[in-house]
Protein chains: 2
Amino acid sequence: MADLAYRQIIQDIKKQILNQEVTNNRLPDERSLSEAYGVSRSTIKRALNVLAQQGIIFKKRGSGTFINPLYLKNHSLFQFDGNNLGMTDNISMAGQKSTIQLLDYQVQPASLEIQQNLFLNEHDFVYRIKRLRFVDDSPIIIETGYIPIKLVPELTPNIVKSSIFNYMDSEDHKRVIKSFMSIQVAPSTPEDQELLSLTATEPVGIMAGTFFLDDGTPFEFSSMRVHYRYLNYNTSIDLAED
Amino acid sequence: MADLAYRQIIQDIKKQILNQEVTNNRLPDERSLSEAYGVSRSTIKRALNVLAQQGIIFKKRGSGTFINPLYLKNHSLFQFDGNNLGMTDNISMAGQKSTIQLLDYQVQPASLEIQQNLFLNEHDFVYRIKRLRFVDDSPIIIETGYIPIKLVPELTPNIVKSSIFNYMDSEDHKRVIKSFMSIQVAPSTPEDQELLSLTATEPVGIMAGTFFLDDGTPFEFSSMRVHYRYLNYNTSIDLAED
DNA sequence: CAGTGGTCTAGACCACACC
DNA sequence: GTGTGGTCTAGACCACTGT
């Protein structure tokens, strides 16, 4: 797949780190790596920058490049940004089966909030799609999504019972590549309690935000109410610069 | 502050976008920008990559570089990664005053979990610091932090009543630069309810994780129970690559 | 085909850490 | 001073989009 030089180097260095083939928790300097891999120093820097951003290594100007000891101890922690859960579609959760129940499917005028979030005019219409997602027969997420009609005029309830994103990719060659989400916490409503099998004291997590296509078009505004036991969002935070 | 060429270009382009000085929602091509700013194309690419990662622009190979329309509509949404809340220290929340009440301060052997997270041996000791944070006199966060003694042997309860990170920076020249956190949701415990003035049906958000120094040393393992109304974590997610 | 972004090179010079 | 990572250059060549 990734035949790009810098990606191969990323993979190779990652493997060496995991195999404990790196002595002193320290990588060779960039100029040596450049020679060893037979690429320019720029390419090495590109690879190391990715690894640094993933928190796997730390670079210190004047000193060298070091391995994050925690990565060795527990590198399963180092999968970030919603890979555990949180994607509207593509939830597959390691070996467990995921199903969808369609709760509601309508076409309606875009409210002011929706207009703003999807960059629509006041006369635009959107699909309002409400779905309940199960993983291994347990209800996990109540998801309400809004999609502009003009972007997918051919959508049907049937399509919506599985992954909309996959459908878009394979049929329309439109790919969802980015999203901006906020995460909040709230007590469960009676509807949450019924659909997600919660008691009154059990809460939900709320992930809401907008998904974008690769050309920058806002594609879907989505609000997900997540069973509290199944929301686990991992992230890395940089406390620095601009 | 940032006299680096690529940072200046980032700021300048951002300003032009906000001032609507960019026609057609489209930036000039990289080679033109390179000439216009009097820098190499590589430097332009570096700047554009940062803007793209922030979601402000989208690049399409073969077509050009385009502005995310949502950024114009509501660029306040585009401040990410815990800037709203979530940092253990440095919570200053725009104009509101923040105070700290010290609930507990102990030295104890590191438990197995703490050993793992802070990369310690079984004979190492840690501070256990439990604090209640207020913003504008409202209790917001119950924070329990663990810090290896050997990293800051001189810590005192007095220091701990304000920002530990600031103290570390100014006194020991050790800077906290990165953290890996997980975000979860849970019903409130009786203790949560008392300290954060919650009812039984009101939940808390939990942010737990490890903070690292600039040399990669794990510095603090922290678990924060956050009043549900005050947890609002914004993030951007890339659905692509490696 | 021309235009655009993506990858990569080979090297200069700077800033910082450590001896 | 030596060694390290950081910034930046000038340019080659490739891959994709659109006319």
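Worth saying up front: this structure is predicted, and the values here are computed from it rather than measured. Below, read A as the first sequence line, B as the second, and so on, with proteins coming before strands; counting in each chain starts at 1.
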Exercise. Report the nucleotide, chosen from dC8(C), dC16(D), dT4(D), that has the shortest atom-to-atom distance to any side-chain atom of Arg26(A).
Key: dT4(D)

Exercise. Look at all strands and tell whether Lys45(B) reaches a base, only sugar-phosphate, or nothing, counting heavy atoms closer than 4.0 Å.
Key: base

Quiz item: Checking only heavy atoms, does the side chain of Arg31(B) share a donor-acceptor pair with the base of dG5(C) at less than 3.5 Å?
Solution: yes

Exercise. Take the protein atom CG of Asp29(B) and the nucleotide atom C1' of dG18(D), then report the distance between them rounded to whole Å.
Key: 15 Å

Practice problem: Over all heavy atoms of both residues, which pair between Phe125(B) and Pro109(B) is shortest? Give the atoms and the distance, please. | Solution: CD2-N, 3.6 Å

Quiz item: Does the side chain of Asp12(A) pick up a donor-acceptor pair with the side chain of Gln16(A) at under 3.5 Å?
Solution: yes

Quiz item: Which part of the nucleic acid, if any, lies within reach of Arg46(B) when heavy atoms closer than 4.0 Å are counted: base, sugar-phosphate only, or nothing?
Solution: sugar-phosphate

Quiz item: Between Leu118(B) and Phe221(B), what is the shortest heavy-atom contact and its length?
Solution: CD2-N, 3.5 Å

Quiz item: Nearest-Å distance, CZ (Arg7(B)) to P (dT7(D))?
Solution: 8 Å

Quiz item: Could you walk me through whether Val107(B) and Arg128(B) pass the side chain to side chain contact (heavy atoms under 4.5 Å, CB included) check?
Solution: CA-CA 6 Å; Val107(B) 172; Arg128(B) 176 178 179 279; over 6 Å; no

Practice problem: Choose from dT7(C), dT9(D), dA15(D) the nucleotide whose nearest atom is closest to any side-chain atom of Thr43(B). | Solution: dT9(D)

Practice problem: Would you please confirm or rule out a distance under 4.0 Å between OP1 or OP2 of dG6(D) and any side-chain N or O of Lys59(A)? | Solution: yes

Practice problem: Write down the distance between CZ (Phe58(B)) and C1' (dG5(C)), rounded to a whole number of angstrom. | Solution: 16 Å

Quiz prompt | Distance in angstrom units between Arg41(A) CZ and dT9(C) C1', rounded | solution = 13 Å

Quiz prompt | First of Ser42(B) and Leu27(B) reached from the 5' end of DNA chain C, by closest nucleotide | solution = Leu27(B)

Quiz item: Hey, does Ser63(A) reach any base, or is it just sugar-phosphate, or nothing, if we go heavy atoms under 4.0 Å?
Solution: sugar-phosphate

Self-check item: Nearest listed nucleotide, side chain of Val39(B), among dT9(C), dT9(D), dC13(C)
Solution: dT9(D)

Quiz prompt | From Leu120(A), Thr210(A), Leu151(A), Leu213(A), residue fulfilling side-chain contact (heavy atoms from CB on, under 4.5 Å) relative to Pro218(A) | solution = Thr210(A)

Quiz item: Please give, in whole Å, the distance from dG5(C) P to Ile44(B) CD1?
Solution: 11 Å

Quiz item: Arg61(A) or Glu30(B): which one's nearest nucleotide on DNA chain C is closer to the 5' end?
Solution: Glu30(B)

Quiz item: Just how far, in rounded Å, is C1' of dC13(C) from CG of Leu4(B)?
Solution: 14 Å

Exercise. Would you tell me if any nitrogen or oxygen in the side chain of Tyr6(B) comes within less than 4.0 Å of OP1 or OP2 on dT7(D)?
Key: yes

Quiz item: How long is the line joining NZ of Lys60(A) and C1' of dA17(C), in whole Å?
Solution: 8 Å

Exercise. Mind calculating the distance between CG (Asn49(A)) and P (dT7(D)) to the nearest angstrom?
Key: 8 Å

